[in-house]
Structures are given as structure tokens and as C-alpha cells.
Amino acid sequence: MFTDMLAVVRRIPKGRVSTYGEVATASGHPGAARQVVWALRAATNVPWHRVLGAGGRIRLTGDSGFEQRLRLQSEGVIITGDKIDLKRFRHVFRHT
DNA sequence: AAGATGACGCCCG
DNA sequence: CCGGGCGCCATCT
């Protein structure tokens with residue numbers, strides 16, 4: 001399960017983002033958004049900063065949230081307040 | 001075994 | 001936009 005989710009997260013290209021819910025669904029585990037968090041927490045070498053809450057909101061709190069902002073901005077993602085414009089940066093998973 | 005937690009999501013007022 | 005409530009589910013106490 002976690003491995004499936006991590007595989008999905010790893011597919012998010014630089015400069016693009018996704019959401020916990022999207023990752024859960026795309027990995028074959030719809031509704032398991034909370035488990036995506038667990039997967040990211042336990043994993044390493046994954047672009048965790050590219051995963052946001054529904055609506056493109058940064059759900060991370062405190063210092064980590066600040067870091068996520070910096071990382072996203074450094075990839076060219078525009079952040080307004082605490083939200084990201086999904087219309088513009090959301091990554092769409094596909095099966096080729 | 002039972003209750004609490006959380007980087008969640010969705011609906012309603 | 002903001003707050004409140006409920007469903008969800010692996011993990012931790």
C-alpha cells in the first residue's frame with residue numbers, strides 16, 4: 001500500500017503538485033488520503049513537498065510547512081497565501 | 001481490546 | 001472565508 005503510494009508520488013514532476021486524495025486514488029487506494037501521509041512520513045527520497053491538501057492547501061504545520069513552501073517556490077510553483085493554484089500546477093496521472 | 005491521533009476530505013450553516 | 005461535524009484508516013498508547 002505505502003509502496004504503491006510512494007511510487008505515485010515519485011511520478012510527480014518537478015514544478016508540479018498533487019494532493020493526498022489524488023495520490024490515494026491514483027495508487028489504487030481511494031479514500032486513503034491519511035495513509036498517504038503515513039507513507040510520506042516513513043519514506044525517504046520522495047518529493048513529499050509536492051503533495052498538498054485538497055484545493056491545493058498546504059496542510060503541513062510549523063517548520064515543515066515553511067520548508068514545503070520554500071521547496072515548492074524554488075521549483076517555480078506560485079503560492080498565494082497558503083494555497084497553490086491547482087488549475088496551473090496540478091499533475092495529472094496517466095497510464096501510458 | 002479500547003480510545004486517541006493526524007501532513008485528510010467533504011458537506012453544511 | 002470560517003467554524004463544526006462526520007467518515008475514513010493505519011498507528012500508537
Side-chain angles (χ1 to χ4, degrees):
Chain A
M1 171 181 233
F2 286 174
T3 49
D4 302 322
M5 300 172 161
L6 294 179
V8 170
V9 174
R10 276 187 254 264
R11 297 221 297 282
I12 305 174
K14 172 169 165 282
R16 290 281 207 74
V17 302
S18 190
T19 67
Y20 300 101
E22 281 278 305
V23 172
T25 301
S27 62
H29 301 278
R34 299 192 104 120
Q35 281 50 254
V36 173
V37 173
W38 271 89
L40 291 181
R41 236 191 29 168
T44 55
N45 294 36
V46 292
W48 57 272
H49 56 283
R50 299 186 192 145
V51 186
L52 312 169
R57 284 190 2 280
I58 291 183
R59 300 298 292 237
L60 250 177
T61 61
D63 198 52
S64 307
F66 184 67
E67 186 185 330
Q68 178 166 34
R69 264 197 207 209
L70 298 182
R71 282 171 174 266
L72 288 174
Q73 288 185 94
S74 73
E75 292 188 348
V77 176
I78 299 173
I79 305 177
T80 307
D82 64 331
K83 297 200 293 184
I84 283 77
D85 187 344
L86 291 183
K87 296 291 186 225
R88 210 122 38 208
F89 304 102
R90 185 169 94 95
H91 171 63
V92 181
F93 298 101
R94 40 189 94 193
H95 320 257
T96 52

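In what follows, every chain begins at residue 1, and chains take the letters A, B, ... in the order their sequences are listed.
- Both A/M1 and A/K83 sit near DNA chain C, but only A/K83 has its closest nucleotide nearer the 5' end.
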Check: residues 24-33 of chain A side-chain donor-acceptor pairs under 3.5 Å, at least two apart:
| from | atom 1 | to | atom 2 | distance (Å) |
| --- | --- | --- | --- | --- |
| A/T25 | OG1 | A/G21 | O | 3.1 |
| A/S27 | OG | A/V23 | O | 2.9 |
| A/S27 | OG | A/A24 | O | 2.8 |
| A/H29 | NE2 | A/D4 | OD2 | 2.9 |

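- Residues A/L70 and A/V51 are members of separate hydrophobic clusters, defined by side-chain heavy-atom contacts under 4.5 angstrom among Ile, Leu, Val, Met, Phe, Trp and Tyr.
- The minimum heavy-atom distance linking A/H91 with A/P13 is given by the pair ND1-CD, 3.4 Å.
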Quick tally for nucleotides 6-11 of chain B: nucleotides whose base has a protein heavy atom under 4.0 Å get B, sugar-phosphate-only ones S, the rest -, giving BBBSS-
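- Nearest heavy atom pair, residue A/L52 against residue A/Q68, reads CD2-NE2, 3.7 Å.
- Within the structure, ring-ring contact (aromatic ring centres under 6.0 Å, His included) pairs that include any residue of residues 32-90 of chain A do not occur (at least two apart or interchain).
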